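A short write-up of the structure that comes next.
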There are 2 protein chains.
Amino acid sequence: MSTSHIPNTKSPSLPEHVIKALSIDNLIFGLDEDELKILLVRQTDPMHQGKWALPGGWIRYDENLRDAAYRLLEELTGIRDVYLEQLKTFGRVDRFPNERVVTVAYYALVSADNFSLVAGQTAEEVNWQSVNKLPELVYDHAEIIAHGLTVLRHQVCHQPIGFNLLPEKFTLLQLQALYEAILNIKLDKPNFRRKIMKMNLLSPCNEKQQGVPHRAANLYTFDAAAYEQLSQSGFSFEI
Amino acid sequence: MSTSHIPNTKSPSLPEHVIKALSIDNLIFGLDEDELKILLVRQTDPMHQGKWALPGGWIRYDENLRDAAYRLLEELTGIRDVYLEQLKTFGRVDRFPNERVVTVAYYALVSADNFSLVAGQTAEEVNWQSVNKLPELVYDHAEIIAHGLTVLRHQVCHQPIGFNLLPEKFTLLQLQALYEAILNIKLDKPNFRRKIMKMNLLSPCNEKQQGVPHRAANLYTFDAAAYEQLSQSGFSFEI
DNA sequence: GCAAAAGTGTTTCACATACACCCATGC
DNA sequence: GCATGGGTGTATGTGAAACACTTTTGC
């Protein structure tokens, strides 16, 4: 959450007309150099002593939950047009100091296209952190991230959401590296290629990689329309 | 929700010290005669004109979300010791009249053992309804149930939660009928048997069905301990 | 015997796996 | 040439699907 999460203070940055007992927290995953990262903000007020937190905030009275998640995401990071899904609601009695605050967690997968873009915007406060070595976090945010990782690892095997982590055009080996990074496993290249290609979810760009010190690979895009059609015919994505 | 969900009234039945903007709603599924049903309560106050609702209510300040779900479930239906899992949080601005109320939905699968038991307890107010022909429901409860069904149909294929809908001891054909009822499909008996038996999740009771007008089938129980051990070795349940 | 469900056997075919191999390109 | 990744081919085994079949029991 942002620094506006200090309880019991009428901070001027706190918007009026928000739901008091409820907040939003966003888990934003990105891929950097074949490593899975998550976007965190640093709490600048002395009370939290520089701990890190998920980007989040309060929900307005006249705002749907998902809209609030999108608004907060864009306000804090500039990110928009991403896959944003409700994760879970966390409401342990003692998760927040002094008052009872329940938080609805959402998660998004950010493509490599605007990965670096985001990190640059508000350099000192927002930062990507490897999910394998997280800093100290406020409240129950470590627990929320742990749950988010579990869900992500499950979802990525059963739905084609991984493509959201890649640039628009990608190679098959980039896709394979993505699954290897998220799932912490090694995959067989020929078999992975066949499995993916048989799904008929990728459209060839008829372009090749540029500036690589080896044979250039073909580039592909994910065909969302084809996936829509296939899933209505009972097709189910499985890795 | 129960009748205590009337907004802006200081009803004497409304417990003190609850979170104002948040409620719980429970989706309780049961199997009756190979038909999937859900437990609903009738709103008795004139404002709702006899519409039906999910059993739910308010969360106390000193109560974890899941604890509240369990408490409300037991208070309203007497059901306990069931698989109870968070479904999703629903918070559309206009889902509740006059004030902003966000609700956290939980779902449970009730075994056929105490299926009839529940229906008897508070006969005129609580009732099982087929999910295929639901009555008119208050607020967004139809939407919540629709989402619950989607999740249930997905989960039942990937986790051994279906067993919660059966009596403690069951036959393989009962199990098959369960999947056929939930998924609305036909399954091949020999292949289904082999698939299930190969998982090593069922313990034979060394007992047979009683009083059936045909050859009596063997009874089995679900071996939860075996499942725990297998899933830690990377086993994943799939139908 | 007949009906109805329990339970077994067998063939077929697709597909996942494993691994060997050739291709293209920059240095 | 050689290193690096791109991309293809093939043998093998497992297992899902389809369906024919036998067994048991009540009436």
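What's counted below: heavy atoms across the whole structure, side chains too, no hydrogens, waters or symmetry copies. In this text, all values refer to a predicted model and were calculated from it rather than measured experimentally.
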key: 5′-ward residue of the pair A:K198/A:H214 relative to DNA chain C   =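 Its nucleotide being nearer the 5' end, the pick is A:K198.
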ask   = Checking all strands, does B:L172 fall into the base, sugar-phosphate, or nothing category for heavy-atom contacts under 4.0 angstrom?
value =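 Since no nucleic acid heavy atom lies under 4.0 Å of B:L172, the category is nothing.
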Whole-Å distance between [N] [atom2] and [X] [atom1]?
X	N	atom1	atom2	result
A:M197	D:dT8	CE	C1'	13 Å
A:L219	D:dG5	CG	P	17 Å
B:F192	D:dA16	CZ	P	13 Å
A:I239	C:dA16	CD1	C1'	13 Å
A:Q209	C:dA24	CD	C1'	12 Å
B:I185	D:dA18	CD1	P	12 Å
B:N191	C:dG9	CG	C1'	12 Å
B:Y220	C:dG7	OH	P	6 Å

task = Report the residue (B:K195 or A:P190) whose heavy-atom-nearest nucleotide on DNA chain D is the more 5′ of the two.
result =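 The 5'-side residue here is A:P190.
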task = Determine yes or no for a side-chain-to-main-chain donor-acceptor pair under 3.5 angstrom, with A:E180 supplying the side chain and A:L187 the backbone.
result =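 Yes, the answer is positive, given that a donor and an acceptor are paired below the 3.5 Å cut-off.
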Suppose we call a contact any N or O donor and acceptor under 3.5 Å apart; does that hold for the side chain of [X] and the base of [N]?
X	N	value
A:R194	D:dT10	yes
B:K189	C:dA6	yes
A:D188	C:dA16	no

query = Atom CD in A:Q176, atom CZ in A:F170: separation rounded to 0.5 Å?
reply =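 Going from CD on A:Q176 over to CZ on A:F170, the span is 13.0 Å.
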request  = Indicate whether OP1 or OP2 belonging to D:dG5 is found under 4.0 Å from a side-chain N or O atom of A:R215.
outcome  =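 The answer is no; no side-chain N or O of A:R215 sits under 4.0 Å from OP1 or OP2.
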ask   = Under 4.0 Å: is that the gap between some side-chain N or O of B:N218 and OP1 or OP2 of C:dA6?
value =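 B:N218 to C:dA6 OP1/OP2: no side-chain N or O under 4.0 Å.
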query = Aromatic rings A:Y107 and A:F29: how do their planes relate, parallel, tilted or perpendicular, breaks at 30° and 60°?
reply =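 Ring orientation, 0 to 90° scale: perpendicular.
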task = Classify the angle between the aromatic ring planes of B:H158 and B:H154 as parallel (below 30°), tilted (30 to 60°) or perpendicular (above 60°).
result =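 B:H158 vs B:H154 ring planes: tilted.
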key: Result of checking B:I161, B:V151, B:L165 against B:V156 for side chain to side chain contact (heavy atoms under 4.5 Å, CB included)   =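 Considering B:I161, B:V151, B:L165, a side chain to side chain contact (heavy atoms under 4.5 Å, CB included) with B:V156 is found only for B:I161.
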